[in-house]
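Here is the naming used below: chain letters follow the sequence lines, and residue numbers restart at 1 for every chain. None of these values were measured; they are calculated from a predicted model. Hydrogens, waters and symmetry mates are skipped; everything else that's a heavy atom, side chains included, is used.
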Amino acid sequence: MDQKNKNSKKPSYSRFSQQELSAWKPILTPGWVIASFLTIGALFIPVGLVALSASDAVVEIVDRYDEECIPDAYSMDPESFIQNPDIKKTCVRSLRVPKKMVAPIFVYYQLENFYQNHRRFVKSRSDKQLRDPEANNDTYHCFPEARTSDGKPIVPCGLIAWSLFNDTYKLSTRGKPLTINKKGIAWKSDTEVKFGSNVYPKDFQKGGLIGGAKLDEKVPLSEQEDLIVWMRTAALPNFRKLYGKIDTDLEAHETIKAEVENNYNTYKFGGRKKLVLSTTTWIGGKNDFLGVAYITVGGLCLFMAINFILLYVFRPRRLGDPSYLSWNRLPVA
Amino acid sequence: MARGRIRARLRRSSLYTFGCLRPPRESIDEPHQFQGPGFSRNICCNQPGFHQKKPLKYCSNYISTTKYNVITFLPKALFEQFRRVANLYFLLAAALSLTPVSPFSPISMIAPLVFVIGLSMAKEALENWHRFMQDMKVNMRKVIVHSGDGVFVRKPWMKVQVGDVVKVEKDHFFPADLLFLSSSYEDGICYVETMNLDGETNLKVKRSLEVTLPLDDDAAFKDFKATIKCEDPNPNLYTFVGNFEYERQMYPLDPSQILLRDSKLRNTAHVYGVVIFSGHDSKVMQNATKSPSKRSTIEKQMDKIIYVLFTLLVLISLISSIGFAIKTGYQMPDWWYMPQDAKNLYNPSRPFLSGCIHLITALILYGYLIPISLYVSIELVKVLQALFINQDIHMYDEETGTPAQARTSNLNEELGMVDTILSDKTGTLTCNQMDFLKCSIAGIAYGMRSSEVELAAASQMAMDLEGHDQKFSRTGAPHGSEIELEVVPTPKTGSSHNRIKGFSFEDSRLMNGNWSREPNADIILLFFRILALCHTAVPELNEETGVFTYEAESPDEGAFLVAAREFGFEYCKRTQSSIFVRERHPSSHEPVEREFKLLNLLDFTSKRKRMSVIVKDETGQILLLCKGADSIIFDRLSKNGRSFEEATVKHLNEYGEAGLRTLAFAYRKLEVSEYSAWNDEFAKAKTSIGGDRDTMLERLSDVIERDLILIGATAVEDKLQQGVPQCIDKLAQAGLKIWVLTGDKMETAINIGFACSLLRQGMKQICITTNGDMLNHDSNTVVKENILMQITNASQMVKLEKDPHAAFALIIDGKTLTYALADDLKHQFLNLAVDCASVICCRVSPKQKALVTRLVKEGTGKTTLAIGDGANDVGMIQEADIGVGISGVEGMQAVMASDFAIAQFRFLERLLVVHGHWCYKRIAQMICYFFYKNIAFGLTLFYFEAFTGFSGQSVYDDWYMLLFNVVLTSLPVISLGVFEQDVSSEICLQFPALYQQGPRNLFFDWYRIIGWMGNGLYCSLIVFFLNIIIFYDQAFRANGQTADMAVVGTAMFTCVIYSVNCQIALTMSHFTWIQHFLIGFSIGAWYVFLILYGMFSPKISKNVYKIFIEALSPAPIYWLSILLVAVACNLPYLAHISFQRSFHPMDHHVIQEIKYYKKDVEDRHMWRREKSKARQETKIGFSARVDAKIRHLKLKLQRKSSVLSPRAVLYPTPT
């Protein structure tokens, strides 16, 4: 019985409890080091080249129009121009197509120095209200664009919706208008779930403050794709948002006439506005950086591999050479 | 186990001349005069009922060492948790997260905090529970208590009350502080072992008052009533003042009537006592100090890093606030899309105020720089490490059935950084069991067996010689015949005869009566008689086997009696005046029982260092038989008693070198007239009253113990615990310094020093002592100066020593230590001690042990480990950075105070060299990695915030951040902390030099920490900027959509997850399926989470709704950016470790490679050579001893060969 008691305290043997589980113990042998650097290099440089060529295939037209679309008379005071509702804001730009652009061609507007990612701004919305017709009153975070002066809830409330971009573009080439298809520019999940198909704008832009675009009160939010795109706040103060799609090809050297309704006030905060026409490839829009970064990292790896090869050639160390053990290196007293 | 009952009841007091003399009654009959505060305790003996209510209600005998109880747990444990600055910070952050200031939702702040605190508290609760169970084990011990009417019943200790009469049986602990009433001996004497209190192993005599002697059986307590008035509970073990009122008489009480809790009854069948102090009032509990909470060096350094990170946090928060204030003040008025509101949070008209409020936001936002889960992860890892320590089958002691036990888990990594070990001797290095091994009689040495030290050194020598042989043959130097190593008798392994405890003697010349054929048979006979007669032990017949066992005061004595028995001189009976020995002479078959009249007994004290009996044998011859320390005996030899002196001295030196305890034996024949004259005087002195009685007795015994005739010496092996020399050798090779602190006398300590190879022949011993006279007569300053001089001289000597192989040993005694530890001397002392290869402090008190420990700890600034088994080691164990208790022996004080408990000293090697080494590296790597990953993650938040006008917006979803530390990156790092092994445990043991990586702190120095932080900074930059540029403004998919904040955040977060998890894979060198699984799991869990979270309705998932399925996974650029970022992040680290391994390999790298290429199997010779070389330079341990011997021999050889042929000098033997 005594024996039994004693044994009960004895740790039971298992490879786990004795920390003797079989293990993979890789070590960085020169072979591994060189091989891994070479592999990364060999993998990254082609990927980089492919990405670069993909980016190269993208045709992009960027036109900054905020400055040019101010009549000379107002050039010293663009704000009074933009805030005056009585002045006609249309301005015509001509864009040259550098290379053949294959449909679909995406039309973007680009805003710069607009802090759509500011915490104050980001919070100022009510997702519930956008989704649910019963939740019109859910305007907690929307101040000061929560309610009209007589206390009725604004739908959609909040600063984001209120500051909706309201420049419009009309494109035409060789006298024929180019249709800009504004359907299907928003994410499906937004139109189907996040924005209710039975939620209609109410009292929008009727507060004391002047905001951006107005919304058609007869169209449900789920179909207001401009708003939906705008409500996806951008990560940086410079951002591009999808305006529409052109479903016809554009030939090289063609000239496109763009009639811009310059409504949106970027002059007050010193921002810029651009109209962008771009095709896409599998990596999206024009993005040389990805390819360059891949080639750089791949190049670095190759460089490192060469360096290590040279080092191993000129200062070889036999692996597992006991003479490198500290007790063999230190002079024995 | 059936033990024989005590045969003879005798008046033991007559055995003692002055050690235990009952002073004549009249001398101090006055009861103590005391009153007032400090002496208020009243005890009604045998009426415990009186103590159930006030004012006589004293605390119960229930003890509790727990920190919390059910009610106090919550507040107290919470308080403990929030004493950590980091936790307090997170609490504050969580509280603020309820306000609009917070950049996060409250749940993401509160949940991790609750998780972390909850886990820590669960651990506390568990530990508390263990402590409670341990208490209950003690509380439930049974003792026999008087329940009235003379009936005694068994009760658990916790039910014992003040005033109870208890009966304690032999070898049981006293349940409380008792007043000793009577014992199984007629004269009211009992023996107690106080090892648990003060570590002293010799038995102490307690005696009851004469008036209570008749209370010697159960029935006598039927009507027993008395009262005790005494002092209040106090921690002083050696004083007691009180009065005992019995039958209207007052009797004074003193410490010799008090039996203290946790001491043990020995050699006495039973005693009766009355409980005076119970439970926490008892002296031992009053002595118990709260064990200080210890923190490891790494954790202390970690605190500093936390402060650095806090500074960084405040700094970037300040930058952010200033940026915010500027943006708000100058730019925000122009941002028409953010109309001014009255809230101060974003008030452009008061940018300073907004900035100040923003500072709070920023402090919360960047809280990710401080890893909230670090503490809890470390705690978890340490608990798991501790489990592995507990589970280690190699540290399980079969004999006592105790596994190793990590009692606190927060010092695991400290085990890998130990620099100095301070060890107790008895019970730690030795088993406190003596084995009679050799003797020298009449100048002839007997005893064939060699001591463990000799055996260990011999085997080491044999191993080393193998290596040397090859070298010799290579250089062509002559070898073999010329090197004659000392012949060490090989042990007869598996010897047929049963081992007898205490007797390892093997020599056929003396055994089985053969001694009578030896040349000096008469002297041998006398020698055996001294063995059998000169002692104070009591024989005890084991009725089962018919063999006598002996209850002796010291284990040496026991060994002598066993030896005498085995030689055929069986001590069998003791009466008040006689000792009976059964002598078995070779001439007759039947043993003859001889009676020796015991005339006087001059007992052993540490001052006298000798013991004598004066006996009259059956022929009427009066003999004085004396045994004692050799130096003392040699001083007292008569002119014609020195015939064997030379040979004996030689043998004694050999024995000493072999680590044996020696005693010299001598005798003297006394004439009747001479004796009676002396005895008259002695008897008079014995009964005299007054202070000089002791001196008189001493002088008289000194007179008679002269003109002795030397007959021989004994060598007793103070049995080392199993494997101690080997363990010390390994520890020394691992570069550890070992100090021995012992309560024993200097000679014993030196013997053990030899036994453990801490000392060896040829080592210069520096003894720093003060002689008794000096202490008595000279003033403090003179003594101090003397000691200072000794220390400076010794230091000079050490400094001037040219020979690199010279080793010094410092030996100092407790009295001298008192001075050496004074503030003005301690640094000189320490400097000298550090220069010496080994340090032995003898006769040190428990307090001094603690002081020495503190001196080493604070003076050298290095990590100290104290190891001991007894209560006297508690101070030292608590003072040292790590306290290790030896468990398995009785008495738990040391273990209770310790941080780790092991059953045997030899397990220390594995504990330090394997577990310590592993844990140190694991924890160091783990913490570095933790800081890395939190910096890498936390700073991306900062960069992003700078792009949002410093508004405090975070790019990640709250849930991402919540899961980052808790799920997505925590498991691999925990597996690193628990399972990582740079080399296997065998290699740790074979290459003790690897241990030095810990004490040198190679893996947690600032260089490394800053490197890791830099790596984190680099990673954060790469992750952030690559992602930002890749997802900048253009479409990221073929469908033309541009990236919004949720897409950028999710992509960036994926990159962080990949980068840090790849990083940890690079950090690890040991992948079991667990690591593979956990790293894969972490990355997989992120996707699973992302998909599941995306499937919830947007009410919950908000912007993340379907982000992975709809937006990211079809975008090739997302996958490409992950690959790019993960590679770019880890590239510099990969290059760094490749470069380091290739061109500055550390020891473990090379060994890993050897193992990897299986070179150890291919080139066994190299492997063996490296194993033997992989040690720190050390001058202690038997390997060093063998080296010294080989050096010595080589020197001889070189001289010889240079004489033979001058050319030999051209081929110096390699060293």
Side-chain angles (χ1 to χ4, degrees), chain A residues 6 9-11 13 17-19 21 23-25 27-28 33 40 106 110 115 117-122 127 143-144 159 163 187 189 193-194 209 232-236 238-242 265 268-269 280 282-287 289-290 293-294 297 304 317 319-320 322 324-327 333, chain B residues 334-339 341 346 388 391 393 396 401 403 804 947-949 951-953 993 1026 1029-1030 1033-1038 1040-1042 1044-1045 1048 1069-1072 1098 1105-1106 1110 1116-1117 1120 1124 1127-1128 1135 1137-1138 1141-1142 1145 1147 1150 1152-1154 1156-1157 1159 1166 1170 1173-1174 1177:
Chain A
K6 273 181 187 173
K9 268 174 143 187
K10 183 172 180 171
Y13 176 86
S17 71
Q18 300 309 310
Q19 307 192 53
L21 285 177
W24 177 53
K25 300 172 197 165
I27 57 167
L28 283 169
V33 173
I40 298 173
F106 297 95
Q110 179 163 348
Y115 282 91
N117 58 6
H118 197 282
R119 187 153 73 100
R120 168 85 183 89
F121 192 77
V122 168
D127 287 331
F143 180 86
L159 291 175
S163 62
W187 294 103
S189 63
V193 181
K194 283 196 201 161
L209 296 161
R232 283 244 177 178
T233 48
L236 293 172
N238 300 350
F239 57 88
R240 217 176 258 186
K241 281 186 183 290
L242 202 51
N265 182 2
K268 183 159 169 75
F269 56 85
T280 56
W282 58 270
I283 63 160
K286 195 158 197 66
N287 189 354
F289 179 79
L290 186 70
Y294 259 94
V297 172
M304 222 98 82
R317 178 176 79 84
L319 284 192
Y324 279 82
L325 289 164
S326 64
W327 48 89
Chain B
D334 293 336
W335 297 342
W336 60 264
Y337 49 90
M338 275 184 264
D341 54 29
Y346 310 96
F388 277 127
Q391 283 295 315
I393 210 155
Y396 170 75
F947 280 90
T948 64
S951 62
Q953 177 61 37
L1026 286 188
I1029 299 171
I1030 288 171
D1033 58 0
Q1034 83 294 348
F1036 76 102
R1037 293 193 31 179
Q1041 291 97 334
T1042 53
D1044 63 298
M1045 201 144 81
V1048 173
S1069 61
H1070 183 90
F1071 294 84
T1072 63
Y1105 180 66
K1106 286 197 173 166
E1110 187 185 30
I1117 205 169
L1120 282 180
L1124 178 72
V1127 168
I1137 55 171
S1138 310
R1141 179 183 281 275
S1142 304
D1147 292 340
V1150 179
Q1152 282 169 356
E1153 287 159 8
I1154 293 177
Y1156 184 81
Y1157 287 115
K1159 284 196 174 182
M1166 176 277 296
E1170 294 309 325
K1173 272 159 86 180
E1177 207 195 323

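- Here the shortest heavy-atom pairing between A:L319 and B:K1159 reads O-NZ, 2.8 Å.
- Of the two parts of A:F289, only the side chain, counted from C-beta on, holds a non-hydrogen atom closer than 4.5 Å to a non-hydrogen atom of chain B.
- Interface remark: A:R232 contributes backbone and side-chain atoms alike to the contact with chain B (heavy atom separation under 4.5 Å).
- Distance check, rounded to the nearest 0.5 Å: CD of B:E1153 to CG of A:L28 gives 9.5 Å.
- Residues B:G949 and A:Y115 come closest through the heavy atom pair N-CE2, 3.3 Å.
- Interface remark: A:F106 contributes side-chain atoms only to the contact with chain B (heavy atom separation under 4.5 Å).
- The backbone N or O of B:F388 sits nowhere less than 3.5 Å from a side-chain atom of A:Q19 that would complete a donor-acceptor pair.
- When each of A:D127, A:L21, A:L242 is scored by its heavy-atom pairs under 4.5 Å with chain B, the top score falls to A:L21.
- Counting heavy atoms from C-beta outward, A:K10 and B:I393 have side chains that approach closer than 4.5 Å.
- Using a 4.5 Å cut-off on side-chain heavy atoms (C-beta onward), B:K1106 and A:K194 make no contact.
- Only the backbone of A:K286 has a heavy atom closer than 4.5 Å to any heavy atom of chain B.
- For the set A:A293, A:A235, A:G285, A:P322, the entry with the most heavy-atom pairs within less than 4.5 Å of chain B is A:A235.
- Using a 4.5 Å cut-off between heavy atoms, B:Y1157 contacts chain A through its side chain alone, with no backbone atom that close.
- Both the backbone and the side chain of A:I27 have a heavy atom closer than 4.5 Å to some heavy atom of chain B.
- Taking each heavy atom of A:H118 and B:T948 in turn, the nearest pair found is CD2-O, 3.5 Å.
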*Might you work through the side chain to side chain contact (heavy atoms under 4.5 Å, CB included) test for A:T233 and B:D1044, ending with a clear yes or no?*
CA-CA 6 Å; A:T233 48; B:D1044 63 298; 5.8 Å; no

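- Of the listed residues (B:S1138, B:S951, B:A1135), the one with the most heavy-atom contacts under 4.5 Å to chain A is B:S951.
- The residue among A:I40, A:V297, A:N287 with the most heavy atom pairs within less than 4.5 Å of chain B is A:N287.
- Taking the centre of each ring, B:H1070 and A:W24 stay at or above the 6.0 Å mark.
- Interface summary for chain A: among B:I1117, B:I1137, B:I1029, the most heavy-atom pairs under 4.5 angstrom belong to B:I1029.
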*What do the steps show when you test A:V33 against B:R1141 for side chain to side chain contact (heavy atoms under 4.5 Å, CB included), and what is the final call?*
CA-CA 10 Å; A:V33 173; B:R1141 179 183 281 275; over 6 Å; no

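- Listed here is the closest heavy atom pair of B:D334 and A:F269: O-CB, 3.4 Å.
- Of the inter-residue distances, the one linking A:L325 atom CG with B:D1147 atom CG reads 5.5 Å to the nearest 0.5 angstrom.
- By the ring pair (Phe, Tyr, Trp, His ring centres under 6.0 Å) test, A:F121 pairs with A:F114, B:Y337, sequence neighbours left out.
- No donor-acceptor pair closer than 3.5 Å links the side chain of B:R1037 to the backbone N or O of A:G284.
- Under the side-chain contact (heavy atoms from CB on, under 4.5 Å) criterion, B:P403 pairs with A:K9, A:P11, B:Y396, not counting sequence neighbours.
- For B:V1150, the parts lying under 4.5 angstrom from a heavy atom of chain A are both the backbone and the side chain.
- Taking 4.5 Å as the limit, every side-chain heavy atom of B:T1042 sits out of range of all side-chain heavy atoms of A:F239.
- Interatomic distance, B:Q1041 CD to A:W187 CH2, rounded to the nearest 0.5 Å: 4.0 Å.
- Scanning both residues, A:R240 and B:D1033, for their nearest heavy atoms gives CB-O, 3.1 Å.
- B:Y1156 places none of its side-chain heavy atoms less than 4.5 Å from the side chain of A:K25.
- When every heavy atom of A:V193 is checked against every heavy atom of B:P1098, the shortest pair comes out as CG1-CG, 3.4 Å.
- In terms of heavy-atom pairs under 4.5 Å with chain A, the best-connected choice from B:A1035, B:P1116, B:S1069 is B:A1035.
- A donor-acceptor pair under 3.5 Å is formed between the side chain of A:Q18 and the backbone N or O of B:Q391.
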